[in-house]
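Sending over a structure as structure tokens; questions will come in a sec.
This one's a predicted model, so the numbers in the text were calculated from it and none came from an experiment.
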Amino acid sequence: SQIAMVAYDKSGTASSSTAFYISVKAAITADLDTLAIDHGTLTPSFNPAIITYSAEVTDDVCDLGITAIAVDSLATITHAHYTVDSLFYVRLHEGDNHIPIVVTARDSVTTKTYTLNIHKDISADLLSLYISSGVLNPSIIYDPTINTFTASVDNKVSSITLTPTLVSSIATMTVNG
């Protein structure tokens with residue numbers, strides 16, 4: 001930038017003028033200004049100096065919306081080697097999810113990695129329940145609100161086998177009786 005400067009004497013008459021050149025160098029920063037998620041609560045609360053956060057989400061959250069805005073609008077934000085917009089979504093699996101968010105400053109050299117450690121609850125919901133003989137009522141097609149069943153079997157049947165299937169492939173179930 002160029003700034004013209006004019007000197008005046010006591011009477012207000014311009015005595016001379018000169019031009020000055022001022023160079024303003026933008027600060028190089030890879031800090032985030034904003035980091036937020038659309039489910040759960042980040043712990044600790046966001047602070048640009050803190051790089052590791054955690055949160056818990058329920059088992060019904062499939063995709064987590066993440067808002068990440070850099071302090072410098074010319075910085076880039078990447079996740080999984082892809083440049084992302086200020087709002088992007090990450091598919092969650094049950095259990096622990098580690099989500100690195102890399103901010104690269106305008107100099108393309110300076111970087112800072114923020115990490116979200118998101119724990120997604122494991123579903124204990126029943127996906128299906130089958131009976132080896134007879135009729136199960138209701139015949140379940142995934143409905144997590146149903147937890148009571150009755151079975152009608154012929155009185156000649158001396159035993160039955162129940163085959164439960166859970167929504168989660170990593171959850172376990174114990175059948176008593």
| Ignoring hydrogens and geometry, is there a side-chain-to-backbone donor-acceptor pair from Thr78 to Thr83 under 3.5 Å? | no
Distance col, row Ile28:CD1 vs Leu74:CG, nearest 0.5 angstrom, shows 9.5 Å
The reported gap from CG in Leu136 to OG1 in Thr150 (rounded to nearest 0.5 angstrom) is 7.0 Å
CD1 (Ile131) and CG (Leu162) are apart, to the nearest 0.5 Å, by 5.5 Å
(Q) If hydrophobic clusters are built from ILVMFWY residues whose side chains come within less than 4.5 Å, do Leu129 and Leu166 share one? (A) yes
Separation between CD1 (Ile50) and OG1 (Thr43), nearest 0.5 Å, reads 10.5 Å
Expected list for residues 84-92: side-chain donor-acceptor pairs under 3.5 angstrom, two or more places apart:
residue : atom : partner : partner atom : Å
Arg91   : NE   : Asp63   : OD1          : 2.7
Arg91   : NH2  : Asp63   : OD1          : 3.4
Arg91   : NH2  : Asp63   : OD2          : 3.2

Minimal heavy-atom distance between Thr111 and Ala30, with the atoms involved, is C-CB, 3.9 Å
Self-check item: Minimum side-chain heavy-atom gap Ile66-Leu116 below 4.5 Å
Solution: yes
Note: Val103 and Asp31 closest approach over all heavy atoms is CG1-O, 4.3 Å
So the salt bridge (charged side-chain N to carboxylate O under 4.0 Å, His left out) pairs with at least one residue in residues 71-80 (sequence neighbours excluded) are Asp72-Arg106
For Ala75 and Ala105, the nearest pair of non-hydrogen atoms, with its separation, is CB-CA, 4.2 Å
Distance col, row Asp121:CG vs Glu56:CD, nearest 0.5 angstrom, shows 6.0 Å
In this structure, CG of Leu64 is separated from CD1 of Ile118 (nearest 0.5 Å) by 5.5 Å
When every non-hydrogen atom of Ile37 is compared with those of Ala55, the smallest separation belongs to CD1-CB, 3.6 Å
Just by modelled atom types, is the Val61 backbone N or O under 3.5 Å from a matching donor or acceptor in the Lys120 side chain? yes
So, the side chain of Asn137 versus the backbone of Val135: is there a donor-acceptor pair under 3.5 Å, distance only? no
| task | Assign the ring pair Phe46 / Tyr114 to parallel, tilted or perpendicular, where the plane angle (0 to 90°) is split at 30° and 60°. | result | tilted
Original post:
Within the distance-only criterion (no hydrogens, no angle test), does the side chain of Asp33 pair as donor or acceptor with the backbone N or O of Val71 below 3.5 angstrom?
Top reply: no
Any donor and acceptor pair, going by atom type alone, linking the side chain of His79 with main-chain N or O of Pro100 inside 3.5 Å? yes
ILVMFWY cluster, Val157 and Phe149 together (side-chain gap under 4.5 Å): yes
In terms of heavy-atom contacts, Pro44 and Thr52 come closest through CD-O, 3.8 Å
Exercise. Could you tell me whether the side chain of Thr67 reaches within less than 4.5 Å of the side chain of Leu35, counting heavy atoms only?
Key: no
Test item: Val102 and Lys112 side chains (from C-beta on) under 4.5 Å apart, heavy atoms = no
Sorted by chain and residue number, the salt bridge (Lys or Arg N to Asp or Glu O under 4.0 Å) partners of Asp59 (sequence neighbours excluded) come out as none
